[in-house]
Enquirer: 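Structure incoming, see below.
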Amino acid sequence: MPELPEVETLKNSLESKLIGLSIKNVEFKRENLRYKLFPDLATDILNMNILDVRRRAKYLIIDFANNYSLIVHLGMSGRFTLQPASYEAKKHDHVIFELSNGSKLVFNDTRRFGMIYSFKTSSLEEKFFNNLGLEPFSELLTLEYLKNKLTGRRVPIKNLLMDNKIIVGVGNIYASESLHLAKIHPDKLGIDISSSEIESLINSIRVVLSKAITAGGTTLKDFVNGDNKPGYFTQQLTVYARGGQECLNCSSVIIKAKHSGRATFYCKNCQKA
DNA sequence: ATATGAGCCTGTATGC
DNA sequence: TGCATACAGGCTCATA
């Protein structure tokens, strides 16, 4: 489900409500998600003040006063929501945190591609972030950087956009949306992308992601923020999930294609190969 | 090194 | 109705 705007939205919805609280109890409903090392998690972070809630790539991170952090990835179908004290566990609730104010923080993930774990804050970098590319809003994301990454790559730009070793946070929805805004055909190979197209692409990624964050993310099916609210960028999608409909720019028919098994949407009139 | 494909899971929608 | 297939916001690993 969640790409950068959804995780950012989740962060925004949780931070003011979590900072200053602590976790009184952890209930595990299942031992194995993508990483099956839960038991330590409880002892690491119990009764420690929450200092910060932040995002890196598509990871949500909660920092505790003892220099441990909870790191959460929502995979495709994950939800991480605040619930009242009276909340009763539902299907696919995997971990339930009881907070110091009585409310509950619930990790639910139908497909179980997500993960949740705790580590020393200082070890997150080498454990999870070492091989990640740049944040889309980083000043380091420049024409030179991206040009260097695309040089010699005989891979469709759509796949390269989704490559976390180059840029993080852009998933299947926002890859199609960014390419449409930049007027670049998704099949165009990295090696064939011009400098002006790269500049346009960087700008488009930032515009699309910013608007999506403002709208609270995109909800196709599963996504809700920490307050159980869906995202409204769905109504602003220009190509994604609009196969067969008219392009909002030029009225051509939106094409649905496939890259590495993932659906891609584009306008073959606006986006020249 | 780079490129492709399978696999991890469950739920839902579609077609026969 | 039943059953089989395809597909869904991600990521990692094994194979060419």
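Here is how names work: the chains are called A, B, and so on, in the same order as the sequence lines, proteins then strands, and each is numbered from 1.
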Enquirer: Under 3.5 Å, sequence neighbours excluded: what are the donor-acceptor pairs made by side chains of residues 151-168 of chain A?
Expert:
{"from": "A:Thr151", "atom 1": "OG1", "to": "A:Lys147", "atom 2": "O", "distance (Å)": "2.6"}
{"from": "A:Lys158", "atom 1": "NZ", "to": "A:Asn172", "atom 2": "OD1", "distance (Å)": "2.5"}
{"from": "A:Lys158", "atom 1": "NZ", "to": "A:Ala263", "atom 2": "O", "distance (Å)": "3.2"}
{"from": "A:Lys158", "atom 1": "NZ", "to": "A:Thr264", "atom 2": "OG1", "distance (Å)": "3.1"}
{"from": "A:Asn159", "atom 1": "ND2", "to": "A:Ser260", "atom 2": "OG", "distance (Å)": "3.4"}
{"from": "A:Asp163", "atom 1": "OD1", "to": "A:Lys165", "atom 2": "N", "distance (Å)": "2.8"}

Enquirer: For A:Lys258 and for A:Arg262, locate the closest nucleotide of DNA chain C by heavy-atom distance; then report the residue assigned to the nucleotide nearer the 5' terminus.
Expert: A:Lys258
Enquirer: Could you check which of C:dC11, B:dT10, B:dT4 has an atom nearest any side-chain atom of A:Arg111?
Expert: B:dT10
Enquirer: Could you tell me how far B:dA3 sits from C:dA8 if I compare only their P atoms? Round to whole Å.
Expert: 24 Å
Enquirer: Could you let me know what B:dC9 is paired to, Watson-Crick or G-U wobble, both distances under 3.5 Å, or none if it's on its own?
Expert: none
Enquirer: With a non-hydrogen cut-off below 4.0 angstrom, is A:Lys256 in contact with a base, only sugar-phosphate, or nothing?
Expert: sugar-phosphate
Enquirer: Heavy-atom distance under 4.5 Å between the side chains of A:Ile213 and A:Asn12, does that happen here?
Expert: yes
Enquirer: Have a look at A:Asn159 and say if it touches a base, only the backbone sugar-phosphate, or nothing, with a 4.0 Å heavy-atom cut-off.
Expert: nothing
Enquirer: So, does the side chain of A:Arg153 form a donor-acceptor pair with the base of B:dA3 at under 3.5 Å?
Expert: no
Enquirer: Considering only heavy atoms and no angle criterion, is a donor-acceptor pair shorter than 3.5 Å present between the side chain of A:Arg112 and the base of B:dC9?
Expert: no
Enquirer: Run the side-chain hydrogen bond (donor to acceptor under 3.5 Å, both in side chains) test against A:Glu246 and tell me which residues pass, sequence neighbours left out.
Expert: none
Enquirer: Answer with yes or no whether the side chains of A:Ser77 and A:Asp109 bring together a donor and an acceptor at under 3.5 Å.
Expert: yes
Enquirer: Taking the minimum atom-to-atom distance to the side chain of A:Phe113, which one of B:dA3, B:dG11, C:dG10 wins?
Expert: C:dG10
